[in-house]
Amino acid sequence: MPELPEVETVLRGLRGCVVNCRITAVEILHPAIIAGPCQRFREGIQGREIAGLERRGKALALRLRASDGDEAGYLLLRLGMTGQVVIANHDVALAPHTHVRLMLNGGPKEIRYRDVRRFGSLRYCTRQEMEQVFGALGPDALEMTEREFRGRLNGRKGAIKGWLLNQKYIAGLGNIYADEALFEARIHPSTPADRVSSAQTKKLFEAVRHVLQKAVALQGTSFRDYVDIDGRPGNYLPRLKAYQRDGEPCPRCGALIRRMIIGGRSSHFCPRCQRRPTRYKTLGGHSVP
DNA sequence: GCAAGCCTGACC
DNA sequence: GGTCAGGCTTGC
């Protein structure tokens with residue numbers, strides 16, 4: 001599942017091989033993957049050069065430039081659940097579920113977008129539209145300060161797990177790294193956000209950074225589908241301590257990792273290391289010890 | 001039937 | 001405004 005570390009790995013791969021390339025042909029094999037009219041997409045990106053790459057959370061944007069050097073909007077990529085961006089030679093057979101091909105500099109090199117589940121999308125955006133999309137997201141999880149983290153957590157009543165997954169508060173975490181960060185910080189995923197103590201908040205902030213930085217260094221986690229632009233899987237999978245390890249012993253204390261649905265998402269945690277706070281049940285709005 | 005990210009809409 | 005449920009998709 002592409003979360004921040006996987007998207008960052010894709011960005012770094014693209015930065016090394018598509019910057020200053022011109023998109024000379026656009027082939028859309030599955031129009032439903034394009035957000036908005038296909039014609040606008042085509043006209044927006046065809047003939048443009050890729051001037052640079054930007055990322056906020058899981059959103060990836062290719063900055064475009066016209067032949068005269070003027071800015072020419074963005075190609076916005078969201079990988080959804082199973083989206084893959086790979087560099088391939090034009091004559092190499094298409095992998096199944098390849099939806100878009102962008103030929104570079106007349107070929108043979110091209111960017112291919114593949115997506116089995118088709119939860120992802122490609123979109124042409126003006127700079128204003130792109131800023132709107134990025135602006136709707138919270139700060140990038142690796143850019144945000146502890147002060148911002150605390151400020152955005154403050155007063156939230158829902159489960160901390162749901163808060164971590166909500167991209168408008170903090171951008172970049174998905175189910176894998178949310179569970180891993182909560183495990184590292186020893187916080188039960190169903191703890192109401194406003195019951196996370198100040199000390200725990202600090203631990204959680206540091207755990208989010210630590211887990212994401214480590215995962216970026218290892219080129220992400222390949223649970224099912226994720227691969228980088230050269231088709232290689234990430235190396236973080238063996239480092240997962242809680243995600244999808246229900247029934248296995250906790251690497252810290254040996255208790256069996258449990259799985260439960262919280263906020264509609266499966267959550268994996270150690271019932272011994274990650275205790276629920278005992279005093280948050282409310283009756284008639286009053287705290288009951 | 002389940003998993004995921006993200007969008008929409010219902011509800012208070 | 002927040003919070004939650006539903007729907008999209010398809011290989012396992």
Side-chain angles (χ1 to χ4, degrees), chain A residues 1-8 10 29-36 55-61 76-85 95-100 113-123 125 129-130 132-138 140-141 151-181 189-196 212 215 220-227 233-234 236-237 240 242-247 257-269 280 282 284-285:
Chain A
M1 274 52 85
E3 304 180 29
L4 186 153
E6 292 76 32
V7 177
E8 177 65 19
V10 169
L29 297 102
H30 195 114
I33 208 74
I34 307 296
R55 183 187 61 74
R56 181 132 169 191
K58 308 173 201 175
L60 179 60
L76 184 67
L77 276 144
R78 310 200 83 144
L79 303 182
M81 181 182 174
T82 55
Q84 299 178 349
V85 178
H97 311 288
T98 300
H99 304 313
V100 178
Y113 182 74
R114 265 193 91 204
D115 193 344
V116 174
R117 297 286 186 277
R118 307 210 308 266
F119 274 25
S121 65
L122 284 77
R123 179 180 166 189
C125 290
E129 288 168 334
M130 183 276 195
Q132 220 165 28
V133 170
F134 274 30
L137 301 169
D140 185 84
R152 288 173 167 265
L153 189 54
N154 190 35
R156 297 278 96 80
K157 293 188 187 345
I160 187 66
K161 173 72 184 278
W163 183 84
L164 285 172
L165 291 177
N166 193 328
Q167 304 297 303
K168 75 179 174 192
Y169 298 131
I170 174 170
L173 291 164
N175 215 25
I176 297 177
Y177 300 112
D179 278 1
E180 293 301 304
S190 73
T191 310
D194 63 357
R195 305 295 306 201
V196 176
L212 292 177
T221 302
S222 294
F223 192 72
R224 279 207 185 85
D225 302 86
Y226 169 74
V227 292
Y236 195 79
L237 189 70
L240 295 179
Y243 183 77
Q244 287 287 341
R245 290 194 173 273
D246 42 310
I257 298 290
R258 281 197 56 193
R259 173 178 172 275
M260 96 189 246
I261 304 295
I262 293 162
R265 287 282 175 267
S266 64
S267 301
H268 312 79
F269 62 97
Y280 73 76
T282 58

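Model, not experiment: these values are computed from the prediction. All values below were derived from every heavy atom in this structure, side-chain atoms included, with hydrogens, water molecules and symmetry-related copies excluded. Residue numbers start from 1 in every chain, and the chains themselves are labelled A, B, ... in the order their sequence lines are given, proteins ahead of strands.
- With distances taken from any side-chain atom of A:Val116 to the nucleotides B:dC6, C:dT10, C:dT3, the minimum falls on C:dT10.
- Contacts of A:Arg78 with the nucleic acid, taken as non-hydrogen atoms under 4.0 Å apart, involve only primed sugar atoms and P, OP1 or OP2.
- The side chain of A:Tyr243 places an N or O atom within less than 4.0 Å of a non-bridging phosphate oxygen (OP1 or OP2) of B:dA4.
- The residue A:Gly264 sits apart from the nucleic acid: no heavy atom pair falls under 4.0 Å.
- At least one side-chain heavy atom of A:Ser267 sits under 4.5 Å from a side-chain heavy atom of A:Asp179.
- When the C1' atom of C:dC12 is taken as reference, atom CD of A:Gln244 falls 12 Å away, rounded to whole Å.
- Of the options A:Ile33, A:Ile34, A:Thr98, a side chain to side chain contact (heavy atoms under 4.5 Å, CB included) to A:Tyr113 is made by A:Ile33 and by none of the others.
- Counting distance only, with no hydrogens placed and no angle test, the side-chain atoms of A:Arg118 and the base atoms of B:dG5 include no donor-acceptor pair under 3.5 Å.
- The nearest whole Å value for the distance from the CG atom in A:Asn166 to the C1' atom in B:dA4 is 16 Å.
- For the pair A:Arg156 and C:dG2, the criterion of a side-chain N or O lying under 4.0 Å from OP1 or OP2 is met.
- By the 4.5 Å heavy-atom criterion applied to side chains, A:Phe119 and A:Thr82 are not counted as neighbours.
- A straight line from CG of A:Leu60 to C1' of B:dG5 spans 15 Å, rounded to a whole angstrom.
- To the nearest angstrom, P of C:dT9 lies 19 Å from CG of A:Leu79.
- The side chain of A:Lys58 contributes an N or O atom lying less than 4.0 Å from OP1 or OP2 of B:dC6.
- Residue-level contact check: A:Ser121 touches neither bases nor backbone, having no heavy atom under 4.0 Å from any strand.
- We find that CG of A:Asn154 is positioned 12 Å from P of C:dG2, with the value rounded to whole Å.
- In this structure, the CD atom of A:Gln167 is 17 Å from the C1' atom of B:dT8, given to the nearest Å.
- Residue A:Phe119 places its side chain closer to B:dG5 than to any other of C:dT3, B:dG5, C:dG11.
- If you look at A:Phe269 and A:Tyr243, their ring centroids are not closer than 6.0 Å.
- The residues A:Glu8 and A:Arg55 are annotated as salt-bridged, a charged nitrogen and a carboxylate oxygen being separated by less than 4.0 angstrom.
- In this structure, A:Glu6 atom CD and B:dG5 atom P are separated by 10 Å, rounded to whole Å.
- When distances run from any side-chain atom of A:His97 to the nucleotides B:dA4, C:dG11, C:dT3, the shortest one goes to C:dG11.
- Regarding A:Gln84, its CD atom lies at a distance of 15 Å from the C1' atom of C:dT9, rounded to whole Å.
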